[in-house]
2 protein chains.
Amino acid sequence: MSVNLNAAPSAPAANASLEPLKVACASCNLRELCLPVGLNSGELQKLDGLVAQRRTVPRGEHLFHNGERFEALYAVRTGFFKTCVGSEDGRDQVTGFQMAGELLGLDGISSDRHSCDAVALEDSSVCVIPYTQLEGLSREFSVLQHQFHKIMSREIVRDHGVMLLLGNMRAEERLAAFLLNLTQRLHARGFSSSSLVLRMTREEIGSYLGLKLETVSRTFSRFQDEGLMEVKQRQLRILDLAGLQALVNNSPC
Amino acid sequence: MSVNLNAAPSAPAANASLEPLKVACASCNLRELCLPVGLNSGELQKLDGLVAQRRTVPRGEHLFHNGERFEALYAVRTGFFKTCVGSEDGRDQVTGFQMAGELLGLDGISSDRHSCDAVALEDSSVCVIPYTQLEGLSREFSVLQHQFHKIMSREIVRDHGVMLLLGNMRAEERLAAFLLNLTQRLHARGFSSSSLVLRMTREEIGSYLGLKLETVSRTFSRFQDEGLMEVKQRQLRILDLAGLQALVNNSPC
DNA sequence: CGAGCGATTGACGTCAATCAACGAATGTGG
DNA sequence: CCACATTCGTTGATTGACGTCAATCGCTCG
């Protein structure tokens, strides 16, 4: 396996800020990445009835907090989020980064409370999906039910990939895997797969990868020295994709 | 948060080997830990109709392999399993240990193929839950649907806890967290929470915790020297639960 | 323009990995 | 039943990767 991630069919990305009064799932350009995959138009309409509310989250603000009552899932429409869990003694761990078309809040189902924080890394907007209603609708439409289950399962598989990364890989391999994941997801959304702008700090990358920010920074510099990529602060440019892939796949020896 | 794990109400454990011809969920002593939580007797009967098949898995054998077609979930009746993912270059990572009442195979939903190996660490038996039928039944019974979603969500939360452990904790803390998790789950199944027999090798523990087997062994020895526990091969005895908890909660400084 | 956060880089320390040897337990075949 | 093989576990010495501490640089935004 190849350090799992959310593979998805391609679709162009949406634009932020100017929020239309009503954006139906049926006309959303993320529908092939999101919950509506496979629904026919009648089903889509029903789903739209449910996803009535939108919410914008300014950069740095929480979409939800750990411990908060769980009532809805959120589909990212525009923007970028991180989720993180924390231990009593103040350590915290970024558990994921979410971009357009990805679902937030699945952790909350288990205990009716959110068990992590979700924070916008740039001005973002989400669709609010009231959870009880989603359960209801997915009892009506087996396609929706199955798609929802697939999304939860995909999250589990992704987490297992991260566990492999955290448990077995060295700093270089972790960062390479992270970059490949990120570019693949961006590519699936119609962006360039070689040029990207990071939405998160070195510290946040480090937290996700189980590294310190200095190590992330040094590893970026090493990649640049080796001609694998160009690094200008958060502006990245992949020069040697195969080289990065080789780093992930070939064991260090 | 406290390095999440599958908390569950208590229930005594079943006995192996002599497999009854028919064991109904309704009379299973794991029903308060497993899928049937909250079902009324009519619903239980329907679920029983679905869970017709049992399977025994001798120690060391696979319940399923990575890449195999996904058709059913498995509920552990007796015994003990590990699940592991592997990368191309041969490294592999234990992603979890499963005991009675826990579900295996959730990773398979996302792609219709299992994405990990499940291996019995002792002679074990499982209930086979055909997945398509489970989806059907959970469209009929919202309680079953909700319980199933909770189980998937719990798996996600558990994985996030492991990510925190792998990303932030030192060897001692990881092992302490692991032991506390294990004893809590055993306790929930009616076993002593101070005495336990490990079903897995040092290497498997190490793989789960992102450590080498020598480090696991050394850390066990240190715990013993410090009077936290008694270690005789795989036979463990917790002497100072609070001491272990302190290790997990208090940052090293 | 200056304050402040984020990023980079260097010197040094630490924890766990690696390499290696040995001991204990379990299982196999003569 | 014992010799032997094999796997699992323990322990020590050394190495190496990443963390820590610290100084500096450079954006970005009031």
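In what follows, every heavy atom counts, from backbone to side chain, and hydrogens, waters and symmetry copies are set aside. Just so it is clear: chains get the letters A, B, ... in the order the sequence lines come, proteins before strands, and each one is counted from 1. Values in this document were obtained by computation on a predicted structure and should not be read as measured data.
- One donor-acceptor pair, N or O on each side, does fall under 3.5 Å between the base of D/dG12 and the side chain of B/R218.
- Atom CD in A/E203 sits about 12 Å away from atom P in D/dG19, given to the nearest Å.
- Scanning atom types as modelled, one donor and one acceptor separated by under 3.5 angstrom connect the side chain of A/E214 and the base of D/dC21.
- The distance from atom CG of B/L247 to atom P of C/dC15 is 14 Å, rounded to the nearest whole Å.
- With respect to B/E214 and B/R202, no salt bridge is recorded, no charged nitrogen being found less than 4.0 Å from a carboxylate O.
- Ring geometry for A/F70 versus A/H114: interplanar angle over 60°, hence perpendicular rather than tilted (30 to 60°).
- Considering only side-chain N and O atoms, A/T201 lies nowhere under 4.0 angstrom from the phosphate OP1 or OP2 of C/dG6.
- Contact annotation for B/S217: base contact, defined as any heavy-atom pair under 4.0 Å involving a base atom.
- One interatomic measurement links the two molecules: CG of A/L121 to P of C/dC5, which rounds to 18 Å at whole-angstrom precision.
- OP1 or OP2 of D/dG9 lies within a sub-4.0 Å distance of a side-chain N or O belonging to B/R234.
- Taking for each of B/R59 and B/R222 the nucleotide of DNA chain C with the nearest heavy atom, the 5'-most of the two is the partner of B/R222.
- Screening B/R234, B/K82, B/K212 for a salt bridge (Lys or Arg N to Asp or Glu O under 4.0 Å) with B/E204, the sole residue that qualifies is B/K82.
- Straight-line distance from the CD1 atom of B/I205 to the C1' atom of D/dT10: 14 Å, rounded to whole Å.
- In this entry the distance linking CZ of B/R202 with P of C/dA24 reads 15 Å, nearest Å.
- Between B/E122 and B/R199, at least one side-chain nitrogen of the basic residue sits less than 4.0 Å from a carboxylate oxygen of the acidic one, meeting the salt-bridge criterion.
- Within 4.0 Å (heavy atoms only), A/G210 reaches sugar-phosphate atoms of the nucleic acid but no base atom.
- When all heavy atoms of A/Y208 and A/Q93 are compared, the closest pair comes out as O-NE2, 3.5 Å.
- In this structure, the CG atom of A/L213 is 11 Å from the C1' atom of D/dG19, given to the nearest Å.
- As a whole-Å value, the separation of A/Q233 CD from C/dT8 C1' is 9 Å.
- Atom-to-atom, CG of B/N168 to P of D/dT20 comes out at 10 Å; the value is rounded to the nearest Å.
- Distances shown here put every side-chain N or O of A/T215 at or beyond 4.0 Å from the OP1 or OP2 atom of D/dC18.
- Among the protein residues, A/L211 comes within range of the sugar-phosphate backbone only, with heavy atoms under 4.0 Å from sugar or phosphate atoms but none that close to a base.
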